[in-house]
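Counting convention: from 1, in listed order, for ligands and their atoms alike.
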Amino acid sequence: MKYEFPVTRTTNPKAKPDPNNLPFGSNFTDHMFIMEYDEGQGWHDGRIVPYAPLQIDPAAVVLHYGQEMFEGLKAYKTVDGRVQLFRPEMNAKRTNNTNDRLCIPKVDEELYVEAVKQLVKVDMDWIPEKKDTSLYIRPFIFGTEPTLGIHASTSYLFVIILSPSGPYYENGLEPTKLYVEDTYVRATAGGTGEAKCGGNYAASLKAQVIAHEQGYDQILWLDGVERKYVEEVGTSNAFFVIGDEIITAPLEGTILPGITRNSCIQVLKDKGYKVSERRMAIDEVVEAHKKGEFKEMFASGTAAIISPVGTLKYKDTVMEINDGKIGPVAQLLYDTIYGIQTGAVEDTYGWTVPIE
Ligand SMILES: *Cc1c(COP(=O)(O)O)cnc(C)c1O
């Protein structure tokens, strides 16, 4: 093996969480992967160590100027007891695209996938088996150089932590209520919309709080210039079924290029659906709703895979979609993608990567 990371095992293993009552992202396993970068030396000393708080300098670049990126993927236990990842090389590639945008040094993509695999292997017995549960994997990188000067950090930490998780939304495939945000924006062309970084989320919390206050689960973002075109949903990409066309926003720099989005497009095209990656005005959605042609809406992302939308509110218009129930396209995608991830559906795409 090209990369073999030393492992220091915990002497104090934690109790496993209750698999029947597993929240998303609040329990963590016994180990983590950690690797440093220093200018002149490159990335070095990748290793697996007991999960523990990190020590960072109070002047670390990340704490002042937010030079940070993250990823999210999952390990699944298959119906016949194997463990596999879903398209991890896409996360490695996207990490380097994000890193490029944030002036974070690139990470060897093979090393990245190996680090994920070896860490998951060490904490294999933490992978929950119940339906709709999985081991969520969170790689992240941040600037550690102690300096208040504004420049790209000269040192970094790359960490991977694991979280055994239940469904992202408490009610699983229960349709969500979305609020179309027409004041705040998430991204503009030339900004960091297509980078997966903490800063994008910090800037979106305000709108999320307002949406929650009004009884909505998530936000549908509009474009940052005209507040006219639909872009994406909180932590996931958005799909609309209008008439016989399935529409999602194009990758033009303002939305996150989701791996689930990419998988949905491929599955739908293979099943003969008409899929368009194009700009669509929110007014077109409202018009389609009036004509009874707005059949389905759903969000796609690693955490929830597919999350159907039952209600969409834009200004004073509250649109109920498919009688507030999950529609056939969302159900088909969930069954296919979750099926491939868990080995219940044959992986004809070569998307799954076994951990043995
Ligand atoms: C991570 C993320 C997505 C979904 O990407 P996946 O690769 O499908 O998990 C969509 N939008 C935003 C803003 C994200 O951060």
Side-chain angles (χ1 to χ4, degrees), residues 24-25 66 68-76 85-99 101-102 109 112-113 116 134-141 163 165 167-169 176 178 181 184-189 191-208 211 217-224 230-240 248-268 277 297-309 330 333-334 336-338 340-341 349 351-353:
F24 178 84
E68 186 265 359
M69 67 78 54
F70 69 94
E71 270 297 330
L73 67 161
K74 283 174 169 177
Y76 300 86
L85 302 172
F86 186 72
R87 312 186 76 184
E89 69 290 346
M90 298 272 284
N91 297 92
K93 199 166 159 226
R94 189 169 64 191
T95 292
N96 280 336
N97 291 338
T98 299
N99 286 7
R101 180 65 181 80
L102 299 181
E109 292 174 19
Y112 188 103
V113 173
V116 169
S134 59
L135 186 70
Y136 185 78
I137 304 165
R138 167 55 57 87
F140 58 105
I141 304 173
S163 175
S165 293
Y168 186 71
Y169 293 105
T176 56
L178 299 193
E181 176 56 56
Y184 299 104
V185 299
R186 194 190 86 92
T188 51
T192 55
E194 65 184 345
K196 206 165 173 78
C197 59
N200 287 343
Y201 280 88
S204 75
L205 294 175
K206 181 85 180 167
Q208 182 71 52
D217 302 303
Q218 284 270 355
I219 289 157
L220 173 65
W221 295 104
L222 299 178
D223 76 278
V230 297
E231 294 218 318
E232 62 179 322
V233 178
T235 56
S236 34
N237 296 109
F239 285 82
F240 300 79
T248 191
L251 301 181
E252 291 176 347
T254 56
I255 67 163
L256 209 285
I259 296 163
T260 320
R261 172 188 181 279
N262 176 283
S263 308
C264 287
I265 292 172
Q266 286 197 50
V267 167
L268 289 171
E277 294 173 68
M297 179 179 175
F298 51 89
S300 75
T302 296
I305 311 175
I306 298 294
S307 170
V309 178
L333 284 170
Y334 183 82
T336 307
I337 294 173
Y338 185 66
I340 291 173
Q341 289 166 338
Y349 298 97
W351 283 342
T352 53
V353 173

L85 backbone acceptor or donor facing Q341 side chain under 3.5 Å: no
Electrostatic pair E277-R261, nearest N-O below 4.0 angstrom: yes
Pairwise side-chain contact, F86 with I337, heavy-atom cut-off 4.5 Å (strictly under): yes
I219/V233 under side-chain contact (heavy atoms from CB on, under 4.5 Å): CA gap, chis, key distance, verdict: CA-CA 6 Å; I219 289 157; V233 178; over 6 Å; no
Neighbouring protein residues of ligand 1 - any heavy atom closer than 4.0 Å: R94, R186, K196, Y201, E232, G234, T235, S236, N237, L256, G258, I259, T260, G301, T302
Aromatic ring pairing F298/F239, orientation class (parallel under 30°, perpendicular over 60°, tilted between): parallel
Results of side chain to side chain donor-acceptor pair (under 3.5 Å) for N91 - residues two or more places apart only: E71
